[in-house]
Structures are given as structure tokens and as C-alpha cells.
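Structure, as C-alpha cells:
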Amino acid sequence: MNDQNKKLTPMKFLPDAQQMPWGSVEYKLADLGFVDSVASEGWLKGNTIGDIMQTYLERVVGETAFEWYGTQFPVLVKRLTVKGRSSLHVNPDDETAAQRYDAFGKTALWYVEETGPDARLYLGFKRPVSADEFYRACLDNKVERLLHSVRPAPGEMYLIRPGQVHAAKDVTLLEVAESSELWFRLHDWGSTDRELHLEEAFDLIDLSGKVPAHRGEVVSAQFTANQILLTEALKSHRDEDDTFLLYICLKGAATVQAGGENYRFRKGEPLLVPAEVNDFFLIPEEKDTLLMEVRMDPREKTDSEE
């Protein structure tokens, strides 16, 4: 694999599905250790994203992402098929995760793929609540009445910020997130089968009011995601870009044409265009193909990160 003179090409990866008590998780691109996605085609076929990152570093992700995440690929993509109701979680921010757990925090985006008749997303609180009120509601199994919930519709996007409590019911979600699975289970709707982390994570919770839906584009320090309705071929010029580009097909099918080769991907599949691939075409293969583009733009360091 270690051919430093060979130019990197767009990459697809094999999915890894895991069953959960409430449904299933399908990791589509993950560099987490316990899940390490494998390239499915091209001259790097059979190599994991972890191995590829260790060898080619900023050539894959760009200098900005490499500065922040080192040899770990900075973005996680997975599909959540929630048949029942997932437990209520909270994610830590980067600073807390680094100080307490020597890990990355987790900012996440939920894109709604499909909804069932009982579909719900629980996102933060209806109103500001006190720490005591929330704690007692968790113990008494009465937390739902405090939560802000929405009936999601396919195509909506929701940004899950660190500190925001969240859960899902009867819905299929595409999650794009910071490359971390560090989260804490606060409440499990009366079930005693799984461990709770309420006391451990209590000071991480944002007890303020609801967070509205985001549509079209989501911008965070960790990544930027926007939707592209691909009705005709688009040419990308990246002379000044310093980021990987990750395209996820939300509807239809598309081809990335780079270096005289075609890389096709269909609904539900991600395609990674490495940072060193400067010129390429995006070509729709079906009418009204819809893509999500994920990138990592430069970000300023906070005082604590200097």
C-alpha cells in the first residue's frame, strides 16, 4: 500500500452493520478502532481507513483536519434504523472530552431519511429546567414531558450540539458526526437492561430550551454539511481548498470523474474525495440526484486550545 508516489483517488468503503435493542446501526465510514471501515475498490481496496490515514496523513484530509485530528479520520457516517425508541443521550464537547477522557467530543448532524407513523425526535427541552427537576424526572420515568419533541419529515437536518439531550423513535437517520462515539446514556424509558451514566454526565447537560431544525446547510467548528441538487454535471476546482470532500448520496446516483476514471455511488453510499484530488466532475446518473457534501474548513483555536 505504501506507494508515496501514487496519487490518491476517490474511495468507497464497505458498510458494517450492528444490531441494537432499538433497531440497528450501519457504520458507513468510521475510524473508531472497534469499527475501521475497509476500502471497497480502487488501488487501496482492502485497506482500512485507519491504515490509509496512518500512511497518507494530510494527503487524505488536508492540513487543517490533520492539525486537529491527527491520524484519525475526522468524520463518522452511520445510518440509525430506530424501530423502537433509543435511549436519551448527551454528548460532551471537545474540551471536556479531552480533559476527562483523552478523546474527541461529539457534534452530530441527523438527516432524516425515512419516518414511521410514530416518528419522533427528542431534542433538548421545551423550556429551561432545573438540574433537580430533570434528575427527579429521570428517576421517576417522567422525563418525556420535559423534552422538546418534533415529528420529523424526510429531508430535514438537525444539528445535535454537545450538551443537548437527544433521542429518536420510529425513524431512519443518517448521522454525520465528529469522529467519536463518546456519549452518555441519561435515561432508558424505564428499562433496566443497560447501564445509565446520569451522575457521570450530569454537569454536561444543557438545561436550556429547544434547538430549532436546520435545513440546507449546517455549519459547525467540526464540519460543514450542505445539500447539492445535482441536475447537471459540475466541475470542482480546488486550487485553494485545504479539506477532504465527502459526498453522501441522499437520492438517486452520481459519478465522480477524476483522473480519467469514474467512481459511481448510489443512494446511501458515501464517497471520499481526498484533499489532494484537485480537479473532478460531479455527474448525475439519475434525475434530481441529491447529495450531501461534508467538508472541514479552517477554524480558530480557543484560548484553552492554544
Side-chain angles (χ1 to χ4, degrees), residues 15-30 32-35 37 75-92 105-126 134-135 137-202 204-206 210-211 213 248 250 267-268 270:
D16 185 331
Q18 299 181 11
Q19 294 301 308
M20 304 296 290
W22 41 260
S24 64
V25 176
E26 183 183 43
Y27 289 93
K28 294 181 173 294
L29 178 55
L32 297 170
F34 70 93
V35 179
S37 297
V75 172
L76 161 71
V77 181
K78 63 183 181 181
R79 173 182 282 140
L80 308 173
T81 303
V82 185
K83 297 297 186 182
R85 182 162 54 176
S86 66
S87 55
L88 188 69
H89 290 175
V90 70
N91 303 333
K106 187 172 182 181
T107 297
L109 164 67
W110 279 355
Y111 172 84
V112 181
E113 287 192 337
E114 299 176 7
T115 58
D118 298 321
R120 286 279 184 180
L121 296 181
Y122 301 91
L123 303 165
F125 298 99
K126 294 178 181 178
F134 177 65
Y135 186 78
C138 287
L139 296 183
D140 295 339
N141 199 25
K142 296 180 180 179
V143 72
E144 185 172 1
R145 65 186 182 184
L146 299 179
L147 300 175
H148 169 63
S149 68
V150 298
R151 293 189 181 275
E156 292 182 337
M157 298 202 302
Y158 296 84
L159 182 63
I160 311 298
R161 295 186 175 91
Q164 180 184 350
V165 299
H166 56 280
K169 178 182 179 183
D170 194 23
V171 64
T172 300
L173 303 167
L174 183 71
E175 179 177 297
V176 178
E178 195 172 3
S179 190
S180 172
E181 285 288 59
L182 180 60
W183 48 262
F184 301 93
R185 186 180 295 111
L186 305 174
H187 183 70
D188 210 9
W189 317 107
S191 173
T192 58
D193 295 337
R194 294 181 292 176
E195 181 183 3
L196 298 179
H197 316 107
L198 182 59
E199 286 78 11
E200 180 180 355
F202 204 76
L204 304 179
I205 302 169
D206 179 359
K210 64 184 180 182
V211 177
I248 307 166
L250 304 177
K267 180 180 178 181

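Residue numbers run from 1 in the order of the sequence given.
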Evaluation steps, side-chain contact (heavy atoms from CB on, under 4.5 Å), between L76 and Y27 = CA-CA 8 Å; L76 161 71; Y27 289 93; 3.8 Å; yes

Do D170 and P117 have side-chain heavy atoms sitting under 4.5 Å apart?
->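 They are in contact (side-chain heavy atoms under 4.5 Å apart), so the answer is yes.
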
Side chains of K169 and S86: does their closest heavy-atom pair fall under 4.5 Å?
->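 No; the side chains remain at least 4.5 Å from each other.
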
Can you name the closest pair of heavy atoms from [X] and [Y] and give their distance?
X    : Y    : result
V143 : W189 : CG1-CZ3, 3.8 Å
C138 : L186 : SG-O, 4.2 Å
P152 : E156 : CA-OE1, 3.5 Å
A168 : V82  : O-CG1, 3.4 Å
Y135 : E199 : OH-OE2, 2.9 Å
S179 : V75  : CB-N, 3.9 Å

Using the six-membered ring wherever Trp is involved, compare the ring planes of F134 and F125 and label them parallel, tilted or perpendicular (cut-offs 30° and 60°).
->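 Plane angle over 60°, so perpendicular.
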
Could you please spell out the steps behind the ring pair (Phe, Tyr, Trp, His ring centres under 6.0 Å) verdict for Y158 and Y111?
-> CA-CA 7 Å; Y158 296 84; Y111 172 84; over 10 Å; no

Neighbour count above 12 (heavy atom, 6.0 Å) for R151 CZ |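 Counting neighbours around CZ of R151, 12 or fewer heavy atoms of other residues, nucleotides or ligands fall under 6.0 Å, so no.
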
Would you call R85 and E144 a salt bridge, using N to O less than 4.0 angstrom?
->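 Salt bridge between R85 and E144, a charged N being under 4.0 Å from a carboxylate O: yes.
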
Could you tell me which residues satisfy salt bridge (Lys or Arg N to Asp or Glu O under 4.0 Å) with E175, sequence neighbours excluded, listed by chain and number?
->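 Partners of E175 under the salt bridge (Lys or Arg N to Asp or Glu O under 4.0 Å) test: K78, K106.
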
By salt bridge (Lys or Arg N to Asp or Glu O under 4.0 Å), which residues pair with K28, not counting sequence neighbours?
->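 K28 satisfies salt bridge (Lys or Arg N to Asp or Glu O under 4.0 Å) with E26 once adjacent residues are dropped.
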
Test log, rule side-chain contact (heavy atoms from CB on, under 4.5 Å), inputs V165 and I205 = CA-CA 7 Å; V165 299; I205 302 169; 3.8 Å; yes

Do L173 and L121 pass the side-chain contact (heavy atoms from CB on, under 4.5 Å) test, and can you show the C-alpha distance, the side-chain angles, and the key distance before you say yes or no?
-> CA-CA 10 Å; L173 303 167; L121 296 181; 4.1 Å; yes

